Amino acid sequence: MISTTNSPASIGSFDYIVVGAGSAGCVLANRLSADPTVSVLLLEAGGRDNYIWIHIPIGYLYTQNNPRTDWCFRTEPQPGLNGRALNYPRGRVLGGSSSINGMIYMRGQAQDYDHWRQLGNPGWSWESVLPYFKRSQNQVRGADAEHGAGGEWHVEEMRLSWEILDAFREAAAETGIPKTEDFNRGDNEGCGYFQVNQRRGVRWSSAKAFLRPALKRPNLTVLTGAQASRLCVAERRVTGIEFTRRNLPARADANCEVILATGSVGSPQLLQVSGIGPGALLRSHGIAVAHDLAGVGENLQDHLQIRMAYRIRNTRTLNERANSLFGRVGMGLEYFLMKRGPLTMAPSQLGAFTRSDPSRATPNLQYHVQPLSLDRFGEPPHKFPAFTAAVCNLRPESRGSIRIRSPDPATAPIIDPNYLATPEDQRVAVAAMRLTRRICAAPALARFAPEEFVPGSSHHTDEEMVRAAGDCGTTIFHPVGTCAMGQDGNSVVDERLRVHGIAGLRIADASIMPTITSGNTNSPTIMIAEKASDMIREDRRARGT
């Protein structure tokens, strides 16, 4: 029983404590509890995933910026975005961001992981991580040398298509971007429809894939509504965690390890309020320094998408259907009767990977193309037919940070992505916008007469286009890197994801990526957790425990 005093009451000891039941945490809970001889505690600050809009794919419109399912973070005003601040969705529910994200299955490029290996992280090359992608995958097309079948992580085709997206794909081919049917073989160059993490038209989150099958195991304890307060550190070893649940303080002790899986915002914040991080920052908030680790919260990377919108003619888009009562009723019936139609849509259906200039060895741009347009995410679509071609720099040079605003763990941290901060990132943004205009001027789109209205065709000079990119750029929700893996003075974990200088503590989420992957980051995060679970079990066997 938890006491009603202010002192945290112990709920007992566990071999492993996993903090965060998101994309990575659900994998870790499943894999570690598969050994019946160990006990596992999984803590989640959010609630159960029993909200209907989690499961209907288009429900991301209602789960993001909703405190029931989202932390509702916001960035600092960004100089590179002309002073704008952005909403910064992060999942706060079982399944984490996999319960509110865009469901796109993407691994990135082989070069991404080979680069991690070259940075001094053995075991993280493409050849090394591919088996982990395959192990959990259930590819609807079947297994082959690059894909797995029979795993927990369902990968299916889109369940609808649009005439305007087919035409955009043809226009991309006319502009030199070849068609492709598979973005996930290590070289994602080309244009095609994304595959999605759904099962027969229903969102497939990590909670469904990995946590639900493990819930009946007697050695797995899952607590929702459990907000981590601080790690317990004694003599440079993490011995447990304090948290609050139902407004009461509690504590759990770890016999072996605590594993953080709270993401690129949550993991550095928890470390910092626990006294692990940049010493000067911690002291400025009156926090005793348990371990001065400069890289905690630094190296934040994210994909900034530049959303260019085009009014068109001679075809229908989602704009008209969504603005019509009959259209909305029809979409609802189509979904609930057949699990098809626009309610199965990921935020983006068509993708493309290409180069901003021929000197690039591999694609450094990604397109997310949508048969709709709107002023801001979450607002109603425009009433006229239109499409949006959003393009992002896959490997930005700009680096930001996550830093605590207060020693109170319930206070949102300072999120500063530092978008478009370097001349190179600005050059790539301009090149990407010019390429979008070339695609939209290709013959395949001519009969739709595309007319750019965001940011608008009046922007021509590089200076004008950089400012326009700042006006229409927004996050694509891929923050990584704030507890980077490596061996230098700015890294936080080693190649086995153990925190430098602190025993009994690992991090296994997107924060450990030293550099951002070339595409959507959810499935790489699941791969990281798969690999982490193997390393944790290996180290346990090596200790003979």
Side-chain angles (χ1 to χ4, degrees), residues 1-3 8-50 54 91 93-96 98-99 132 135-136 138 150-154 199 204-229 231-232 238-246 248-262 497 504-506 508-509 526 529-545:
M1 176 179 291
I2 298 176
S3 75
S10 174
I11 66 166
S13 62
F14 302 82
D15 292 314
Y16 298 105
I17 299 173
V18 179
V19 189
S23 298
C26 290
V27 176
L28 290 161
N30 180 302
R31 301 307 190 217
L32 295 177
S33 67
D35 180 350
T37 68
V38 304
S39 56
V40 180
L41 172 65
L42 177 63
L43 298 177
E44 168 55 42
R48 295 171 55 202
D49 58 338
N50 56 359
I54 291 173
V93 65
L94 289 178
S98 75
S99 289
Y132 291 103
R135 180 164 79 182
S136 59
N138 186 23
E152 298 92 341
W153 196 226
H154 289 287
R199 187 178 186 186
W204 195 247
S205 69
S206 65
K208 291 179 182 177
F210 300 98
L211 185 58
R212 286 188 185 178
L215 285 176
K216 292 183 179 179
R217 295 173 183 167
N219 61 330
L220 173 63
T221 301
V222 180
L223 297 182
T224 56
Q227 168 70 61
S229 303
L231 299 168
C232 304
V238 169
T239 60
I241 188 166
E242 293 181 4
F243 60 96
T244 58
R245 189 168 188 250
R246 298 171 183 160
L248 297 175
R251 171 184 171 129
D253 297 311
N255 299 326
C256 296
E257 296 185 27
V258 173
I259 306 113
L260 300 190
T262 49
L497 308 187
L505 180 63
R506 286 188 220 232
D509 57 33
I526 286 172
E530 286 276 26
K531 184 171 172 60
S533 67
D534 269 9
M535 293 189 293
I536 292 166
R537 289 193 298 259
E538 289 166 3
D539 288 353
R540 179 181 175 85
R541 288 194 294 269
R543 292 192 302 266
T545 58

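Index from 1, following the sequence. None of these values were measured; they are calculated from a predicted model.
The minimum heavy-atom distance linking A508 with A24 is given by the pair O-CB, 3.1 Å. Here the closest heavy-atom approach between residue I54 and residue S99 is recorded as CG2-O, 3.6 Å. Scanning both residues, A226 and F243, for their nearest heavy atoms gives CB-CD1, 3.8 Å. Shown here for L42 and A21, the closest heavy-atom pair between the two residues is CD2-CB, 3.7 Å. Minimum interatomic distance between S23 and S206 (heavy atoms only, all atoms of both residues): CA-OG, 3.3 Å. Smallest separation of non-hydrogen atoms from R31 and R537: O-NH1, 3.1 Å.
In this structure, E44 CD and T224 OG1 are separated by 8.0 Å, a value rounded to the nearest 0.5 Å. In this structure, CG on L43 lies 9.5 Å from OG1 on T221, to the nearest 0.5 angstrom. Between the CD1 atom of I241 and the CG atom of L260 there is a distance of 7.0 Å, given to the nearest 0.5 Å. Atom CG in L497 sits 10.0 Å away from atom CD in E257 (nearest 0.5 Å). Between atom OG of residue S33 and atom CG of residue L41 there is a gap of 11.5 Å, rounded to the nearest 0.5 Å. Considering CD1 of I536 and OH of Y16, their distance stands at 6.5 Å, rounded to 0.5 Å.
No side-chain heavy atom of N138 sits less than 4.5 Å from a side-chain heavy atom of R199. Residues D539 and R506 form a side-chain contact, since some pair of their non-hydrogen atoms from C-beta on lies under 4.5 Å apart. Side chains of R217 and P36 form no contact here, defined as non-hydrogen atoms less than 4.5 Å apart. Between E530 and W153, every side-chain heavy-atom pair lies at or beyond the 4.5 Å cut-off.
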Throw together a table of side-chain donor-acceptor distances under 3.5 angstrom for residues 208-216, partners on residues two or more places apart or in other chains.
{"from": "K208", "atom 1": "NZ", "to": "H55", "atom 2": "ND1", "distance (Å)": "3.0"}
{"from": "K208", "atom 1": "NZ", "to": "R203", "atom 2": "O", "distance (Å)": "2.6"}
{"from": "R212", "atom 1": "NH2", "to": "D49", "atom 2": "OD2", "distance (Å)": "3.4"}

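Of the charged side-chain nitrogens involved, none lies within less than 4.0 Å of a carboxylate oxygen, so that R541 and D35 do not count as a salt-bridged pair.
Panel note: side chain D15, backbone C256; no donor-acceptor pair is recorded below 3.5 Å.
For D253, the salt bridge (Lys or Arg N to Asp or Glu O under 4.0 Å) partners at least two apart in sequence or on another chain are R251.
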